[in-house]
Amino acid sequence: MLPADYQDFPAGRLDQWHVPGHGAVKVVAGEVRAEQHVLRGPLPARTTRPVFCDVSIQPGRSLNLQFADEQPALVYVYRGGLTQLQQQQAGFYGPGPDLQLAAQHSGADVLVLSGAPINEPVVQHGPFVMNSREEIRQAMQDYAAGTLTGTQAPAR
């Protein structure tokens, strides 16, 4: 596991492209191909190849995005609507070579997130997320004892 990492950068460092007649794409992380134009976010590459971009699509138009074939995508509509999703809805798209996003008559502003699957079991309990119930139990014991890395035991 890699240690936590935080980076601050101005909005001007975002790679963005205005697709003539269709919309715009801003990339925070990863590499995205929008209508054959390659965009790269300022965050460094990671083993899970994260993609995070903000996409605006003009009313009644569509945009085609491409990133690694084996990666699924999560799309969240925060303004307007897509032909398949309304405002404040999210959709999960399976792996494939293209992600086709078509806006309704109102246009759409969406967040697109993707990454390579880690193909590991995930177990969640409260704030803890681990790979097994045994690891969850150990994390809870470590937290209670004040030995969980980066935490202190709760005051009693």
Mind jotting down which residue pairs meet the salt bridge (charged side-chain N to carboxylate O under 4.0 Å, His left out) criterion with at least one end in [range]? Sequence neighbours excluded, please.
range	result
residues 23-43	Glu31-Arg40
residues 91-104	none
residues 86-96	none
residues 102-121	Arg79-Asp109

[X]: what forms a side-chain contact (heavy atoms from CB on, under 4.5 Å) with it, not counting sequence neighbours?
X	result
Pro42	Phe9, Arg13, Leu14
Ser106	Gln104
Thr83	Ala102
Gln58	Arg61

For Tyr76, the side chain to side chain donor-acceptor pair (under 3.5 Å) test, sequence neighbours excluded, returns none
Handout entry: Test item: Asp54 and Val28 side chains (from C-beta on) under 4.5 Å apart, heavy atoms
Key = no
Nearest non-hydrogen partners of [X] and [Y], listed with the distance:
X	Y	result
Gly115	Pro72	O-CD, 3.7 Å
Ala108	Gly81	CB-O, 3.4 Å
Ser62	Gln100	OG-NE2, 3.1 Å

Mind checking the [atom1]-[atom2] spacing from [X] to [Y]? Nearest 0.5 Å is all I need.
X	Y	atom1	atom2	answer
Met140	Glu135	CE	CD	14.0 Å
Gln88	Tyr78	CD	OH	13.0 Å
Phe52	Leu74	CZ	CG	10.5 Å

Taken in chain and number order and not counting sequence neighbours, the residues that satisfy ring pair (Phe, Tyr, Trp, His ring centres under 6.0 Å) with His18 are none
Contacts satisfying ring-ring contact (aromatic ring centres under 6.0 Å, His included) that involve residues 100-139 (not counting sequence neighbours) are none
Margin query: Test your reading of the model: is there a side-chain donor-acceptor pair from Thr48 to the backbone of Ala116, 3.5 Å cut-off?
Written below: no
For Val19, the hydrophobic cluster (side chain heavy atoms closer than 4.5 Å, chained through members) also holds Trp17, Val25, Val27, Val32, Leu39, Val51, Val55, Ile57, Leu63, Leu65, Phe67, Val75, Val77, Leu82, Leu85, Tyr93, Leu99, Leu101, Val110, Val112
